[in-house]
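First the structure, in the form of structure tokens, and then the observations on it.
All residue numbers refer to positions in the sequence shown, counting from 1. Fair warning: this is a prediction, and the values are worked out from it, not measured in the lab.
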Amino acid sequence: MFRNQYDTDVTTWSPAGRLFQVEYAMEAVKQGSAAIGLRSKTHIVLGCVNKANSELSSHQKKIFKVDDHIGVAIAGLTADGRVLSRYMRNECINYSFTYESPLPVGRLVVQLADKAQVCTQRSWKRPYGVGLLVAGLDESGAHLYYNCPSGNYFEYQAFAIGSRSQAAKTYLERRFENFADSSRDDLVKDALMAIRETLQGETLKSSICTIAVVGVGESFHILDQETVEQMINAFDIVGEQEGSAAEPDAAADQGGSTDEGVAPMDI
């Protein structure tokens, strides 16, 4: 059976039990520029890659402030992300006006997921073609959620979405056990390192990435380019030191048997 028999409507199931229009929306997230998030017990850091359509244009904004304690990073259709961030901002304002307290992060994420799910069940609507990393801090601690166009949501210690995000996920998976007790600056460093993994050889500069932080005693804000550039310069020094320290170990491995010295990627 051909896929195009069942992908003309979001409410049409395929015989295999799939909704192709929803899967296409999830594919749009994979095509967007990369966005990453990671959290410790006290802070959450969001980062994204800035992409411009041409050298003559500026990049589109990918990180939005929702409230003093919540922010989002998006991958996919920027217009959809802008609309959803405005919806989240309105929900925070309404809750704060009614209850005179900040909206819990988990409750906002559920409301956002419900809004996305409705678009998968109405024939006159289309799913939102954007994935959101929601970072927030409330009475229960620091939180990082991923909201999917299908209406699903998941809480993560660290996560990456968008194009070439698998490289960033691999880096985060190697390091995530240390994130819980990491300091704010260490989280920012790991965020920049993860972003660098998605660039595939391109030089990491403050002009092509955006970093935002929220934490205890620190409202959500985007770091200025000068601060980011200083941190990037510090990483390059650390990277060179680590590389030089690794060379003697590599030479010692080569002195042993040839089978044990071969790296998996060299096989």
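A 4.5 Å side-chain heavy-atom check between L132 and M88 finds at least one atom pair inside the cut-off. When side chains are defined from C-beta on, V105 counts as touching I70, because their heavy atoms get closer than 4.5 Å. The shortest side-chain heavy-atom distance between Y171 and R196 does not fall under the 4.5 Å cut-off. C119 places none of its side-chain heavy atoms less than 4.5 Å from the side chain of V10. The shortest side-chain heavy-atom distance between Y145 and L108 does not fall under the 4.5 Å cut-off. In this structure the side chain of D68 never reaches within 4.5 angstrom of the side chain of P102, judged on heavy atoms.
Follow the hydrophobic side-chain contacts under 4.5 Å out from V118 and you never reach L77; the two are in separate clusters. In the hydrophobic cluster analysis, where Ile, Leu, Val, Met, Phe, Trp and Tyr join through side-chain heavy atoms closer than 4.5 angstrom, V49 is grouped together with M231. One hydrophobic cluster holds both V66 and L112 under the rule that ILVMFWY side chains link at heavy-atom gaps under 4.5 Å. Residues F220 and F64 fall into different hydrophobic clusters, defined by Ile, Leu, Val, Met, Phe, Trp and Tyr side chains chained together at heavy-atom separations under 4.5 Å. There is a path of hydrophobic side-chain contacts, each under 4.5 Å, that joins F159 to V29.
For the atom pair CG (D224) and OG1 (T210), the distance works out to 11.5 Å, reported to the nearest 0.5 Å. The structure places NZ of K169 at 14.5 Å from CD of E197, a figure rounded to the nearest 0.5 Å. Rounding to the nearest 0.5 Å places NZ of K61 at 10.0 Å from CD1 of I74. From R174, atom CZ reaches atom CG of D190 across 10.5 Å, with rounding to the nearest 0.5 Å. Separating the CG atom in L84 from the NZ atom in K115 is a distance of 7.0 Å, to the nearest 0.5 Å. Distance check: S206 OG to L192 CG gives 10.0 Å after rounding to the nearest 0.5 Å.
The two atoms that bring I211 and A191 nearest to each other are CD1-CB, 4.3 Å, heavy atoms only. Scanning both residues, E155 and A142, for their nearest heavy atoms gives OE2-O, 4.3 Å. The two residues A73 and A35 come nearest to each other via the heavy atoms CB-CB, 4.2 Å. Here the shortest heavy-atom pairing between Y153 and A113 reads CD2-CB, 3.6 Å. Considering all non-hydrogen atoms of both residues, R39 and L144 come closest at CD-N, 3.7 Å. The minimum heavy-atom distance between A168 and A160, with the atom names listed, is CB-CB, 3.8 Å.
Classified by interplanar angle (parallel below 30°, tilted 30° to 60°, perpendicular above 60°), the ring pair Y99/Y95 is tilted.
In this structure a side-chain-to-backbone donor-acceptor pair under 3.5 Å is missing from S163 to Q31. A donor-acceptor contact shorter than 3.5 Å links the side chain of S14 to the backbone of R18. Under a 3.5 Å cut-off, the side chain of S85 and the backbone N or O of R82 do form a donor-acceptor pair. Checked by atom type and distance alone, the side chain of H69 pairs as donor or acceptor with a backbone atom of L103 at under 3.5 Å. Side-chain atoms of H221 come within 3.5 Å of backbone N or O of S219 as a donor-acceptor pair. No donor-acceptor pair closer than 3.5 Å links the side chain of R184 to the backbone N or O of T42. Using modelled atom types, no side-chain atom of S182 and backbone atom of S40 make a donor-acceptor pair closer than 3.5 Å.
Between the side chains of E226 and Q230, no donor-acceptor pair of N or O atoms lies under 3.5 Å. One side chain, T11 or D9, offers a donor N or O that lies under 3.5 Å from an acceptor on the other.
The one candidate from L46, I44, V188, L187 that meets the side-chain contact (heavy atoms from CB on, under 4.5 Å) condition with L38 is L187. Among I232, I36, I208, the one residue that satisfies the side-chain contact (heavy atoms from CB on, under 4.5 Å) test with I195 is I36. Checked options N152, V134, L133; the residue passing with Y146 is L133 (criterion: side-chain contact (heavy atoms from CB on, under 4.5 Å)).
Summarising the local packing, NZ of K205 is surrounded by 12 or fewer heavy atoms from other residues, nucleotides or ligands at distances under 6.0 Å. The environment of K65 atom NZ is dense: over 12 non-hydrogen atoms of other residues, nucleotides or ligands sit within 6.0 angstrom.
Electrostatic pairing of D80 and R126 counts as a salt bridge here, judged by a charged N lying under 4.0 Å from a carboxylate O.
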